[in-house]
A.B. asks: 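First the structure, then my questions, so here it is.
Any value given below was found using the heavy atoms of this structure, including those in side chains, with hydrogens, waters and symmetry copies removed.
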Amino acid sequence: MTITIKNLYKDYKGIMVFKNINCKLNSNDRIGLIGGNGVGKTTLCKIIAGIENYECGAIVYSPSTLKVLYLNTNENINGELTVHDVLKGFLSSSPYSLEERFLKSLLYKTGLKEDLLKERFKNLSGGEKTKVLLCRAYIMDFNVLILDEPTNHLDITAIKSLEGFITSLNIPVILISHDRYFLDNTCNKIWCLNNNSLKEYKGHYSSYKIQLHREVLASTKAYNKEEKEITSLKSMIEDRKTWFHKAHKAAGKDDNLRAHSKKHIAILRSKEKQLKKLEENRTELPSKVLSPTFNLINKNLLDSKLPKHIGYIKNLNKSFGNRTLLKDASFNIKRGDKIALLGDNGCGKTTLLKILIGEDMDYSGEVYLNPSIKISYFSQGLNSLDEEKSIVDNLLYENVTLKDIRNLLASFLFKGEDVFKTVKNLSMGEKSRVALSKLLLSNSNFLILDEITNYMDIESKETIEEVLKEYKGNIIFVSHDRYFTSTIATKILEIKDLNTVLYPYNYDEYIKTSKELKENNHKNSYVNSKEIKDNILMLQCEIAFLSGKLSRSLDEEEKIEVNNKFLEFSKEISILKSML
């Protein structure tokens, strides 16, 4: 079972999409198809699936009766249809019957509740819509499966379930995805597509990165060697030209000198041909992404005097109607924390972010942030951008020079005249990069980021990771991209069972600990003791603050209130100490 692609060429309205595409899909291949936005990944997959035509080249299917299923989770579905009707439409071309019991088991398999069958498709969340569309992969008859961005809007639990399904298949699979963990866990080959070629790498995404790094080193070495040869040849050619010019003047009727000059001319022409050939076949120097402008993004952070404990949430309760999202949730935020907020779809992650920024005030409990904290919020809707202005105009702040802006934008892959593009004409991934650039120039010391990597290709994600690693302020972020999370997060805040647990370590350690907890079925005493000590320290800071207030002249009512809080915090410290 193979699909062979030979010299494929595709254009759209006279504009080339790609050319010279040669590759082969074998029986046991699970391909991760990667490349920058706009290089034609989706177009190539639609051509393989027979959905789109191509101008030149050939595709050979063996056997010729191969059935290819292409599934795009951004497919337009009539929003008025119920989930039952949508699944019914899928089943019309599948070998399964339309039994209610089967549909319910299908929903269960994808992590959906059976009561969604009667829900209109337009009322589903992004993750729920993706899961419904993925049902097609579980029920239809096919020999080759192509999934285009299947992890969009899925929570980590759903992504892991999808990974298990893909690795259980004994057929060729092609995956378009910017989720590098997903590619690591599912693929055994990587196809890297650009406009002029497609290159295959064996292994998963991380293996591809290692191979690519070696290629970059080899290319750089070859480039530097050629540079020396070119410099040497140019020097030799110039020397011989100078000698020949002087000899020609002095030659007169000297036959020996003229003969010697002819020999020099022959050598000169040979060196010029050698130089021309070398320049025409230069090794291409790998392009480098500019390093983040460290001093600019941390301009107001390096000398700031923020306290060790900058905020906390205590006994937070949040509901929507009869639905409870959070109950008695509590956690602390320390200076420099970069916290990844994890949890299943619909558990309240975005709601918690909106509570932190003060947009949602309909809750009970305490939310405290130090007055010196200045928050900048990145929303999924990119509301901070003026669509009618250029990229540069969106980033104009007081005390920020145009040179600084252009340097930062270059770090975010906007170079040359690109910086003057109007925002409304940008892709969603480009808009996300502009929005983050704007936040980093806003003099904030606390970034709250909601799904910042949505719509971004891998190159953009890796660029943003480098910038956020250099950022010295606090970050709380939501992302379903585990690679991004493991790179940025220093702590993990998990929403689970209506509550929150703050793990004082990175994502990889969190995964390891979660696995150990599941296997051993006991609580992690290290996490508990660490959190208890943090709570004690925070309460001691509160008591010190209250002691200062008690030393000042207060009216009787204020004094009673402060004294009661003092006693309450002292009692809590005693309880916490007894738990250690």
A.B. asks: Quick one: does any side-chain atom of D29 pair with a main-chain N or O of I31 as donor and acceptor, under 3.5 Å?
C.D. replies: no

A.B. asks: Under the side-chain contact (heavy atoms from CB on, under 4.5 Å) test, which residues partner L69, sequence neighbours left out?
C.D. replies: R136, M140, F142, L145

A.B. asks: Answer yes if the side chains of D450 and T350 hold a donor-acceptor pair under 3.5 Å, and no otherwise.
C.D. replies: yes

A.B. asks: For S460, give me all partners under side-chain contact (heavy atoms from CB on, under 4.5 Å), at least two apart in sequence or on another chain.
C.D. replies: L413, R433, M456, D457

A.B. asks: Among all residues two or more places apart in sequence or in another chain, which pass the salt bridge (charged side-chain N to carboxylate O under 4.0 Å, His left out) test with K374?
C.D. replies: none

A.B. asks: Begin with the C-alpha distance, continue with both residues' side-chain angles, and end with the deciding distance and a verdict on side-chain hydrogen bond (donor to acceptor under 3.5 Å, both in side chains) for Y201 and E215.
C.D. replies: CA-CA 12 Å; Y201 296 83; E215 285 182 6; 3.0 Å; yes

A.B. asks: Would you find more than 12 non-hydrogen atoms of other residues, nucleotides or ligands less than 6.0 Å from N425 atom CG?
C.D. replies: yes

A.B. asks: What about F165 and Y138, are their ring centers closer than 6.0 Å?
C.D. replies: yes

A.B. asks: Measure from NZ or CZ of K469 to the centre of the six-membered ring of Y471 and say whether it is under 6.0 Å with the direction within 45° of the ring axis.
C.D. replies: no

A.B. asks: Which residues pass the side chain to side chain donor-acceptor pair (under 3.5 Å) test with N474, sequence neighbours left out?
C.D. replies: none

A.B. asks: Can you name the salt bridge (charged side-chain N to carboxylate O under 4.0 Å, His left out) partners of D85, sequence neighbours left out?
C.D. replies: none

A.B. asks: Kindly write out the residues that satisfy side chain to side chain donor-acceptor pair (under 3.5 Å) with Y510, not counting sequence neighbours, or none if the list is empty.
C.D. replies: E494

A.B. asks: Walk me through it: do K421 and D418 pass the test salt bridge (charged side-chain N to carboxylate O under 4.0 Å, His left out)?
C.D. replies: CA-CA 6 Å; K421 288 180 179 178; D418 287 347; 3.6 Å; yes

A.B. asks: For D360 and K318, run salt bridge (charged side-chain N to carboxylate O under 4.0 Å, His left out): C-alpha distance rounded to whole Å, both residues' side-chain angles, the deciding distance at 0.1 Å, then the answer.
C.D. replies: CA-CA 10 Å; D360 187 338; K318 173 65 183 177; 3.0 Å; yes

A.B. asks: Out of E387, E388, E430, which residue meets the salt bridge (charged side-chain N to carboxylate O under 4.0 Å, His left out) rule with K424?
C.D. replies: E388

A.B. asks: Do I174 and I48 have side chains that get closer than 4.5 Å, going by heavy atoms?
C.D. replies: yes

A.B. asks: Could you walk me through whether Y181 and F484 pass the ring-ring contact (aromatic ring centres under 6.0 Å, His included) test, one step at a time?
C.D. replies: CA-CA 9 Å; Y181 253 67; F484 179 83; over 10 Å; no

A.B. asks: Tell me, which pairs form a side-chain hydrogen bond (donor to acceptor under 3.5 Å, both in side chains) where one or both residues lie in residues 7-17, sequence neighbours left out?
C.D. replies: N7-N22

A.B. asks: N506: what forms a side chain to side chain donor-acceptor pair (under 3.5 Å) with it, not counting sequence neighbours?
C.D. replies: none

A.B. asks: Kindly state whether the ring of Y483 and the ring of F182 have centres lying under 6.0 angstrom apart.
C.D. replies: no

A.B. asks: Does N445 use its side chain to pair, donor to acceptor, with the backbone of S372 at less than 3.5 Å?
C.D. replies: yes

A.B. asks: When you measure from the side chain of R406 to the backbone N and O of G416, does any donor-acceptor pair fall under 3.5 Å?
C.D. replies: yes

A.B. asks: E417: which residues meet the salt bridge (charged side-chain N to carboxylate O under 4.0 Å, His left out) condition with it, sequence neighbours left out?
C.D. replies: none

A.B. asks: My understanding is that only residues two or more places apart in sequence, or in another chain, count here; which of them pass ring pair (Phe, Tyr, Trp, His ring centres under 6.0 Å) with F446?
C.D. replies: none

A.B. asks: Looking at L326, is its backbone amide N or carbonyl O close enough to the side chain of T324 to form a donor-acceptor pair, meaning the two atoms are under 3.5 Å apart?
C.D. replies: no

A.B. asks: Under the side-chain contact (heavy atoms from CB on, under 4.5 Å) rule, collect the residues that match up with S442, sequence neighbours excluded.
C.D. replies: S376, Y397, S444

A.B. asks: Tell me yes or no: between the side chains of D508 and S486, is some donor less than 3.5 Å from an acceptor?
C.D. replies: no

A.B. asks: Testing the 3.5 Å rule here: is there a donor-acceptor pair between the side chains of N20 and S197?
C.D. replies: no

A.B. asks: Got a sec, which residues hit side-chain contact (heavy atoms from CB on, under 4.5 Å) with S364, two or more places apart in sequence or on another chain?
C.D. replies: N317

A.B. asks: Would you kindly say whether T463 and E459 are connected by a side-chain donor-acceptor distance under 3.5 Å?
C.D. replies: no

